[in-house]
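Below, read A as the first sequence line, B as the second, and so on, with proteins coming before strands; counting in each chain starts at 1. Note: hydrogens, waters and symmetry copies are ignored here, and every other heavy atom, side chains too, is used.
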Protein chains: 2
Amino acid sequence: MTTPERASTWTIAELAEEYGVTHRTIRHYEELGLISPERRGTVRVFHRRDRTRLALILRGKRIGFPLEEIRTIIDMYDETPGEAGQLTYLLAQIAARRADLEQRRADIEQTLRDLGDVEARCRTDLRALRRTP
Amino acid sequence: MTTPERASTWTIAELAEEYGVTHRTIRHYEELGLISPERRGTVRVFHRRDRTRLALILRGKRIGFPLEEIRTIIDMYDETPGEAGQLTYLLAQIAARRADLEQRRADIEQTLRDLGDVEARCRTDLRALRRTP
DNA sequence: AGCATGCTTTACGTTTACGTCAACGTCAAG
DNA sequence: CTTGACGTTGACGTAAACGTAAAGCATGCT
């Protein structure tokens, strides 16, 4: 027998709770077209696909991307094959995003090194203070 | 003899040009207290220290930090030794920033992996198209 | 039936990070 | 001495990313 077939749909409140955002935030993402939940009458019904996209949006936000750029990125994930021109364009987009991400990573690593220096100085100063209180 | 003793001060226009920002941006950073150039009369005179801080600000921006957080970060760099409590607090701040940066790096690396997947699918689709044009 | 709960839309408010005039000072060159 | 070329201070504008009421359905419990 298969898994108990848990509905695998969510209300806006459930998703908001789970990801620690407000319902307003989720609606905002829908207004921008980043997610498009099913409508049952007037009420929103979120599927696994919407959950995934929400998770990707939040990851993009943690990285620091603006929402519009996040859309172009996550839209790449479920892009339908399409024609050759489309695919080539997509490859160019990927290259551009990759360059951006690698720059960010380099900046982060440099900052981590700098923080390491500050910490070292800090600990040295502390030891000096302990010797001459 | 020493180096030709190049003034090692800059005008706002020179710094803006060099770093590819507008003078308005630099003034904005000054308003927020991220840099505090010398004043010769009414006019701003930027020293090496200001240049360095500007570079750090822009790096922070590339990473995606808000300006207020950037200030707390770069203020850590030229924090005066001070007393033990200060130093301990500074160490805690460093730990927090480090955790944040490492989270961002992890998100970036996951996104890079995801983009790699998309790219692979993309190239597969392209090859398929070339076999059946 | 009545009321509380949860979802919905509408719409104005807020914060961040500057952009964009406007209006004025200043200093060297013509 | 006037004309640029830069510099300065307001001060209002704007785009992004939501916050925050306000007010209306729908439903289910009591």
- Task: Determine, for nucleotides 15-20 of chain C in 5'-to-3' order, which nucleotides have protein heavy atoms under 4.0 Å from the base (write B), from only the sugar-phosphate (write S), or from neither (write -).
- Result: --BBBB
- Query: Which residues pass the salt bridge (Lys or Arg N to Asp or Glu O under 4.0 Å) test with A:Asp117, sequence neighbours left out?
  - Reply: none
- Message: Rounding to 10°, can you tell me the angle the first-five-pair axis of the helix from C:dA1-D:dT30 to C:dG30-D:dC1 makes with its last-five-pair axis?
- Response: 20°
- Proximity to DNA chain C (any heavy atom under 4.0 Å), residues of residues 34-44 of chain A only: A:Arg39, A:Thr42, A:Val43, A:Arg44
- Message: Suppose we screen for side chain to side chain contact (heavy atoms under 4.5 Å, CB included). Which residues come up paired with A:Gln110, at least two apart in sequence or across chains?
- Response: A:Arg113, A:Asp114, B:Arg59
- Cluster link A:Ile74 to A:Tyr19, ILVMFWY, side chain under 4.5 Å: yes
- Query: Could you give the start and end, 5' to 3', of the contact zone on DNA chain D for chain B, using atoms under 4.0 Å from its heavy atoms?
  - Reply: D:dG7 to D:dA11
- Could I get the full list of side chain to side chain contact (heavy atoms under 4.5 Å, CB included) partners for B:Ala96, not counting sequence neighbours? none
- Item | Atom pair distance, as rounded to whole Å: CD in A:Glu30 and C1' in C:dT9 | 12 Å
- Task: With sequence neighbours left out, write down each residue that passes salt bridge (Lys or Arg N to Asp or Glu O under 4.0 Å) with B:Arg40, or none if nothing qualifies.
- Result: B:Glu38
- Note on the structure: Residue set satisfying salt bridge (Lys or Arg N to Asp or Glu O under 4.0 Å) with B:Arg121, at least two apart, ordered chain then number -> none
- Query: What residues, two or more places apart in sequence or in another chain, satisfy side chain to side chain contact (heavy atoms under 4.5 Å, CB included) together with A:Thr22?
  - Reply: A:Arg24, A:Thr25
- Item | Listed partners of A:Asp50 passing salt bridge (Lys or Arg N to Asp or Glu O under 4.0 Å), at least two apart | none
- Partners of A:Glu18 by side chain to side chain contact (heavy atoms under 4.5 Å, CB included), sequence neighbours excluded? A:Trp10, A:Leu15, A:Arg51
